[in-house]
Amino acid sequence: MTKVTMTVNGRQVSGEVEDRTLLVQFIRDKLGLTGTHVGCDTSQCGTCVVHMDGRSIKSCSTLAVQAAGSEILTIEGLARDGELHPVQAAFKAHHGLQCGFCTPGMVMTAVDMINRYGGALDEKTVRENLEGNICRCTGYHNIVKAILAAAAEMGAGRQAAE
Amino acid sequence: MYATNYHRAFSVADAVRLKGSGDETKYVSGGMTLIPTMKQRLAAPSDLVDLRHVAEMKGITVSGATVRIGAATTHAEVASSAEIKAACPALSHLASLIGDPHVRHMGTVGGSVANNDPAADYPSAMLALGATIVTDRRRIVADDFFTGLFETALHDDEIIVAVEFEAPEKAGYSKFPNPASRYAMTGVFVAKSAGGVRVGVTGAGSDGVFRHSGMEQALAGNFSPDALSGVTTDPADMLSDLHGSAEYRANLVNVMARRAVAAAT
Ligand SMILES: Cc1cc2nc3c(=O)[nH]c(=O)nc-3n(C[C@H](O)[C@H](O)[C@H](O)COP(=O)(O)OP(=O)(O)OC[C@H]3O[C@@H](n4cnc5c(N)ncnc54)[C@H](O)[C@@H]3O)c2cc1C
Ligand code: FES
Ligand code: FES
């Protein structure tokens, strides 16, 4: 067993893990943060997406020991003071989910996309950047709408703040 | 996944020393090939040596026309690098087409080149650019590096530290992605330099990545898509699987090559 320490949603956490423990197992089973999902065994569905040091990664394809010392952000870390993150609010407003299984990965992917492209996001870019996230329910249209709306709102917010 | 022991290296020397830790130690870089393979129990290394924190293996430098990309540089870093966009936009384009954003945030040039998956993108660019694979102990030209499906000239404990190439006059990459996996069903990288034209083909050949000498000759005199209309590819040398027959791939090689030439900048 190896002791790993990392920052998860702003809080420093430690735990004893086997070296083969996946980051997603550490997050779900050790930390009890079950918002991060596992939807496949082949690294292709994206329901497990979290941010590591500010970039989206698949927590099912990364070992907890590889993530030691890093900053992890999960879906539970997005809302502030009981207020949904703008991307979460946009998914709600635009009906960007049905069963909700893919949603945590979709939202984390959307936040990463908006971090990288800001207000410059267009529909084509959004669709290309959803390559690693599979949804069995929505047909993607409302997910794309939600992401574009959130990007516009966050871009506008950023301009107002400047 | 079977049990394994993890070690983190902070220098190349450190990594080579740690490689001796167990009887079946493997390097892990982005882990985007190795971890999924371990999950499926198709690989069971006793020990892993993590290369992601080795500073001397990271970063992109362009000095004159020489481009050097550290082996631990991620696909996302190559895709978004202003230096690479200026020196060889076809390579940024290639990196931007690998897998998905999450894979690109972790996967590295060194891992892709070392793995030499017959459907991986980078090997075609390394061949077409006449790149040099720089290891901890020698320099290997791409023509001698890729030796067959998942096979390279690397010794067991040898580490790729960087890849280097001279910026071409013009280059283009065109890929027909497998609709499910996004790996290349066929990808063609063409590069035109003072020394001539080189064409690297991935995803299609039954021996893995290869140079297409027929196309290189045709393009040397006339670097245009039309120069390729008379050039054929022998289906006997092509992969054939449930995704596409050898004849289908032979045709795709020609189509992708024409598109790569048309897109070359
Ligand atoms: C869903 C998905 C989609 C993908 N799609 C594509 C695609 O479209 N095109 C494509 O080309 N690839 C694709 N990949 C593979 C991806 O590009 C990998 O990142 C890459 O092939 C391996 O790089 P890595 O850094 O992750 O290597 P790792 O998985 O860490 O290692 C791979 C192998 O290389 C060895 N190795 C790693 N680094 C070094 C080094 N510096 N020196 C010597 N040996 C080393 C390791 O020991 C291991 O055997 C995809 C992967 C996934 C999961
Ligand atoms: S669980 Fe499917 S990609 Fe991670
Ligand atoms: S909402 Fe059901 S999988 Fe996406």
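The chains referred to below are lettered A, B, ... by the order of the sequence lines, with proteins before strands, and numbering in each begins at 1.
- Heavy atoms closer than 4.5 Å to chain A are found in the side chain of B:M32, but not in its backbone.
- B:S81 pairs with exactly one of B:E83, B:K85, B:E77 by the side-chain contact (heavy atoms from CB on, under 4.5 Å) rule, that one being B:E83.
- For A:V49, the part lying near chain B is the side chain, with the backbone staying farther off; criterion is any non-hydrogen pair under 4.5 Å.
- Side-chain contact of A:N133 with A:T109: a donor-acceptor pair under 3.5 Å is present, judged by distance alone.
- Looking at B:S181, both its backbone and its side chain come within 4.5 Å of chain A, counting heavy atoms on both sides.
- For B:L48, the part lying near chain A is the side chain, with the backbone staying farther off; criterion is any non-hydrogen pair under 4.5 Å.
- Between chain B and the options A:R116, A:R20, A:K58, A:R55, heavy-atom pairs under 4.5 Å are most frequent for A:R20.
- If you measure heavy-atom distances from B:A180 to chain A, the contacts under 4.5 Å come from the backbone alone.
- Relative orientation of the B:Y173 and B:H93 rings is perpendicular, given thresholds of 30° and 60° on the angle between their planes.
- For chain B, the nearby part of A:L22 is the side chain; its heavy atoms alone come within less than 4.5 Å.
- B:D47 and B:H7 share a side-chain donor-acceptor pair at under 3.5 Å.
- Open room surrounds CZ on A:R136; 12 or fewer heavy atoms of other groups in view lie less than 6.0 Å from it.
- Note on ring orientation: taking the six-membered ring where Trp is involved, the planes of B:Y122 and B:H75 are tilted (angle from 30° to 60°).
- Between the side chains of B:N115 and B:S112, not a single donor N or O lies within less than 3.5 Å of an accepting N or O.
- For B:N5, the parts lying near chain A are the backbone and the side chain together; criterion is any non-hydrogen pair under 4.5 Å.
- By the 4.5 Å heavy-atom criterion applied to side chains, B:H243 and B:R249 are counted as neighbours.
- For A:Q66, the parts sitting under 4.5 Å from any heavy atom of chain B are the backbone and the side chain alike.
- Heavy-atom distances place the side chain of A:M52, and not its backbone, under 4.5 Å from chain B.
- B:M1 touches chain A through backbone and side chain together, each having a heavy atom under 4.5 Å away.
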